[in-house]
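One-based numbering along the sequence shown. Whatever order the structure lists them in is the order used to number ligands and atoms, beginning at 1.
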Amino acid sequence: MPQRETWATRTGFILAAVGSAVGLGNIWRFPFAVGQEGGAAFLLVYLLFVVLIGFPAMLVEFTLGRRTQKNPVGALAQMGGRTWKLVGLVFVVTGFTILSYYSVIAGWTIRYTFASLTGAYTADPEAYFGAVSVGFDAVAFHALFMVLVIGVIALGVRSGIELAVKFMVPAIIALGIGLAAYAFTLDGAGAAYQFYLSPDLDVLAAEWQSILPAAAGQAFFTLSLGMGVMITYSSYLAEDRNLASDGAIIIGFDTAIAFLMGLILFPFLFTAGVDPGEGGPGTLFISLAAAFAELPAGNILGAVFFGTVAIAALSSAISLLEVPVSYVIDEFGVDRMTATLGVGGLVFVLGLAPALDLIFLDLFDLFADAILLVLGGLLVSIFVSWIVPDEALDELQKGIGELGSIGTAWVWAVRIPVVLVLAFSLYLGIVGYIEFLTTDFADWLG
Ligand code: TRP
């Protein structure tokens, strides 16, 4: 049995986690959620959830991973036995499913990077999206993206993931700052900032029932929680560093980049006179393409923007593939190359469904994102805080020191608020999914 891999540096671990966290969720979900759910009022609730729910939940995953030095399935089996091992299997299935359609959307971003340069979508952004978002083109770019993901993961923790994120994360930050600076100079910037940042507490009072779950879900998704990514990444930590400070740094970067994306997107849309409209992957491509068609030097701007999105998607996608791959390597003793090709190949095949018909994108996304992620996060939070709190606390204290009442506060923050918020989100997710199955999906079936 070869020795299990580890990160070369602490920065490598942090960059990999930031790379995982910063992805499509920061770019389309976050700004549009802010826009739809009452601007700065939503922002406030979201920040609160990131700190009160996201941070403790991230430490749950970190303690499990570093304690066991195992993939999520092995980690839960070691600490909880056979029943809890099933939760680990939920993670593996979730990663598999999310990556299959995440890769299709990421494929569009690569396609749009080139299309921006050639001006392919300027004449009719909507028709262009219709033509390339499904069918042969979508399959081809999904394949290309999966080749990149497989390439990085096949190279392993140090020479694959760690090396790749060392370039990708700084690139995302630099390009993001550049784009935001450019956006600041646009005519529509003032109105855009107003829309994005003006707090309206009346909205919060009136719509808190939809704002709360939306903010909680976003906090979870954007931090890559609920799927074992943070268990897997922290299992490659060789030394006992301070997990709380690492978590805070990761969350700080993710939040800052999400915020920056709003400062980019809204000036683009407002200046070009495009309605921010509804959220969702389609909107990102259609309305932004329409904006780039109007803006000065729009083709270069478009290429830089979509290129940045593609890099962010890649650094997230590698974390999604690493979870099932680490499971196969650890539990079946398969070598990394074989495991990566096998799992990556299967993900490619599953992704053919959303690449050929967008109904599967919704079907997969709603199921994985609104149900599986929340379910996984809920069960692992219950496990750590109620079943093995002492071991988890002991692990958290390594690299920090005696936590005393702060440690107790962490355990209780997970036991009640995190568990309640996730349970409520799961309920809403199931209700929403049943509605989708009985309406849109039933229509599609005929
Ligand atoms: N956090 C990423 C984003 O914002 C997506 C992502 C990557 C993810 N890995 C994850 C979400 C694991 C949930 C779980 O786009």
Inset, instruction - Considering the heavy atoms of Leu373, write down every atom of ligand 1 situated less than 4.0 Å from one of them. - result: 13 (C), 14 (C)

Legend entry - Identity and distance of the protein heavy atom lying nearest atom 9 (N) of ligand 1: Ser224 OG, 3.3 Å

Legend entry - Candidates Lys70, Arg336, Arg4 - the one meeting salt bridge (Lys or Arg N to Asp or Glu O under 4.0 Å) with Asp330: Arg4

Legend entry - ring-ring contact (aromatic ring centres under 6.0 Å, His included) partner of Phe259, chosen from Tyr193, Tyr196, Phe266: Tyr196

Legend entry - Closest approach of any protein heavy atom to atom 2 (C) of ligand 1, naming residue and atom: Ser20 O, 3.3 Å

Inset, instruction - Evaluate the criterion side chain to side chain contact (heavy atoms under 4.5 Å, CB included) for residue pair Leu375 and Leu379; output intermediate values, then yes/no. - result: CA-CA 6 Å; Leu375 181 68; Leu379 293 173; 4.0 Å; yes

Legend entry - ligand 1 contact on Phe220 by region, counting heavy-atom pairs under 4.0 Å: neither

Legend entry - Geometric N/O contact Ser316 with ligand 1, under 3.5 angstrom: no

Inset, instruction - Under 4.0 Å from a heavy atom of Met227: give me the atoms of ligand 1 that qualify, with their elements. - result: 12 (C), 14 (C)

Legend entry - Atom indices of ligand 1 within 4.0 angstrom of Asn26 heavy atoms, with elements: 4 (O)

Legend entry - Phe292 and its ring-ring contact (aromatic ring centres under 6.0 Å, His included) partner, picked from Phe285, Tyr121, Phe306: Phe306

Inset, instruction - Examine Gly25 against ligand 1 and note whether any of their N/O atoms are separated by less than 3.5 Å. - result: yes

Legend entry - Test salt bridge (charged side-chain N to carboxylate O under 4.0 Å, His left out) applied to Arg241 and Asp246, step by step: CA-CA 8 Å; Arg241 306 277 187 185; Asp246 287 5; over 6 Å; no

Inset, instruction - State the atoms of ligand 1, each with its element, that fall below the 4.0 Å cut-off from a heavy-atom position in Ala21. - result: 1 (N), 2 (C), 3 (C), 4 (O)

Legend entry - Salt bridge Arg158-Glu5, side-chain N to carboxylate O under 4.0 Å: no

Legend entry - Per-atom contacts of ligand 1 with Ser319, taking only distances under 4.0 Å to non-hydrogen atoms: 7 (C), 9 (N)

Inset, instruction - Have a look at ligand 1 and work out which part of Ala317, if any, has a heavy atom under 4.0 Å from it: side chain, backbone, both or neither. - result: neither

Legend entry - Nearest neighbour in protein (non-hydrogen) for atom 11 (C) of ligand 1: Phe221 O, 3.3 Å

Inset, instruction - Identify whether NZ of Lys or CZ of Arg in Arg415 sits under 6.0 Å from the centre of the six-membered ring of Trp386 and within 45° of that ring's axis. - result: yes

Legend entry - Candidate list Tyr236, Phe62, Tyr233, test ring-ring contact (aromatic ring centres under 6.0 Å, His included), partner Phe13, passing option: Phe62

Inset, instruction - Taking the six-membered ring of Trp108 (Phe, Tyr or Trp), confirm whether the NZ or CZ of Arg111 is under 6.0 Å from its centre and within 45° of its axis. - result: no

Inset, instruction - Run the contact test for Leu225 against ligand 1 with a 4.0 Å cut-off on heavy atoms, strictly below, and give the result. - result: yes

